[in-house]
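Right, one structure below, let's go through it.
Predicted, not measured: the structure shown is a model, and the values here were computed from it.
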Amino acid sequence: MFGSGWQDPDGNGCDARNDILGRDLTETIAKPGTHGCVITSGVLQDPFTAETIDFVRGQDTSTLVQIDHVVPLSDAWQKGAQLMEPDQRAEFANDPLNLLAVDGPSNAAKGDGDAATWLPPNHGYRCDYVARQSAVKAKYDLWMTQAEHDAIRRIVSTQCPAQKVVTE
């Protein structure tokens with residue numbers, strides 16, 4: 001319902017997954033002959049865990065760093081994306097505002113959870129996380145459950161009252 005895999009939303013010739021790896025990792029190395037599009041290795045300062053993860057593309061290692069949909073596709077579908085046109089859903093699924101390179105096991109634990117059911121274990125990142133979620137939901141006119149709204153309000157009011165919503 002959200003398109004057929006990773007697309008190239010900015011038209012630079014690279015798919016969104018590799019754009020996000022290039023944006024969020026340091027010390028990146030790209031596969032020769034791909035115009036810098038296929039990231040083969042790099043270092044992630046993981047926002048979810050505050051750990052450093054060495055990324056190496058490969059069948060047994062790529063899952064250590066995953067691309068998180070900050071607002072999960074299932075959550076988006078339940079909260080308004082079913083009303084979007086197919087091209088807008090594909091845009092949502094590939095929007096850099098909604099994508100973040102993160103620790104794979106943490107991303108798996110998150111599943112399709114919203115702020116009421118899952119927050120990053122790294123407490124120092126929670127303010128940025130809920131700000132980003134809120135920005136994505138606002139951009140795409142997605143709604144929040146009362147529990148999600150209350151969880152975000154609690155985080156912002158107790159941990160980061162000066163937090164600004166992320167817009168890019």
Closest heavy-atom pair, Ala30 versus Gly36, reported as atoms and distance to 0.1 Å, is CB-CA, 3.6 Å

Are Phe48 and Val130 connected, step by step, through hydrophobic side chains (Ile, Leu, Val, Met, Phe, Trp, Tyr) whose heavy atoms are closer than 4.5 Å?
yes

Within one Ile-Leu-Val-Met-Phe-Trp-Tyr cluster: Leu21 and Val70, side-chain cutoff 4.5 Å: no

Exactly one candidate in Asp46, Ile67, Asp68 meets side-chain contact (heavy atoms from CB on, under 4.5 Å) with Asn107; the answer is Asp68

In this structure, OG of Ser41 is separated from CG of Leu25 (nearest 0.5 Å) by 8.5 Å

In this structure, CG of Asn18 is separated from NZ of Lys31 (nearest 0.5 Å) by 10.5 Å

Looking only at heavy atoms, the pair that brings Gly111 and Pro72 closest together is O-CG, 3.9 Å

### Task
Kindly check if the number of other-residue, nucleotide or ligand heavy atoms within 6.0 Å of CD (Glu85) is above 12?
no

Residues passing the side-chain contact (heavy atoms from CB on, under 4.5 Å) test with Thr117, sequence neighbours excluded, are Asp114

Q) Taking side chain as C-beta onward, heavy atoms only, is Cys14 less than 4.5 Å from His35? A) no

With a 4.5 Å limit on heavy-atom distance, are the side chains of Arg17 and Ile20 in contact? no

To the nearest 0.5 Å, atom CD of Gln146 lies from atom CZ of Arg153 at 8.5 Å

Are side-chain heavy atoms of Phe55 and Val43 found at a separation under 4.5 Å?
no

So does Arg89 get a backbone contact from the side chain of Glu91, meaning a donor-acceptor N/O pair under 3.5 Å? no

**Message:** So does Gln7 get a backbone contact from the side chain of Asn94, meaning a donor-acceptor N/O pair under 3.5 Å?
**Reply:** yes

(message) With a 4.5 Å cut-off on side-chain heavy-atom distances among I, L, V, M, F, W and Y, is there a chain of contacts connecting Leu73 to Val136?
(response) yes

With side chains defined as the heavy atoms from C-beta onward, is the minimum distance between Asp10 and Asp19 less than 4.5 Å? yes

Exercise. Hey, can you tell me if His69 and Trp6 have their rings parallel, tilted or perpendicular (30° and 60° cut-offs)?
Key: parallel

Does the side chain of Gln88 pick up a donor-acceptor pair with the side chain of Tyr140 at under 3.5 Å?
no

Between the NZ atom in Lys139 and the OG atom in Ser134, the distance rounded to the nearest 0.5 Å is 14.5 Å

For Ser106 and Trp118 the tightest heavy-atom approach is O-CZ2, 3.8 Å

Between Tyr125 and Pro47, the two heavy atoms sitting closest are CB-O, 3.2 Å

Tested for side-chain contact (heavy atoms from CB on, under 4.5 Å) against Asp103, the lone hit among Ile53, Val65, Asn122 is Ile53

* Asked: Does atom CZ of Arg23 have more than 12 heavy-atom neighbours from other groups under 6.0 Å away?
  -> yes

Legend entry - Gln159 side chain vs Val156 backbone, donor-acceptor pair below 3.5 Å: no

Taken to the nearest 0.5 Å, the spacing of Asp75 CG from Leu142 CG works out to 8.0 Å

Closest non-hydrogen contact found for Ala115 with Ala151 is O-CB, 3.5 Å

So OG1 of Thr28 and CD1 of Ile39: to nearest 0.5 Å the spacing works out to 4.5 Å

- Message: If you define the side chain from C-beta out and look only at heavy atoms, does anything of Met1 sit under 4.5 Å from Trp77?
- Response: yes

- prompt: Side chains of Lys79 and Met144: closer than 4.5 Å at any heavy-atom pair?
  reply: no

Contact check, side chains of Phe92 and Val71, non-hydrogen atoms, under 4.5 Å: yes

Please confirm whether the backbone N or O of Ile155 pairs with a side-chain atom of Arg126, one donor and one acceptor, at under 3.5 Å? no

Item checked: Same apolar cluster (I L V M F W Y, side chains within < 4.5 Å links), Leu99/Leu44 -> yes

Query raised in the report: Under a 4.5 Å cut-off applied to non-hydrogen side-chain atoms, are Asn98 and Gln133 in contact?
Result: no

Smallest heavy-atom separation, Ser157 atom then Arg154 atom, equals OG-O, 3.3 Å

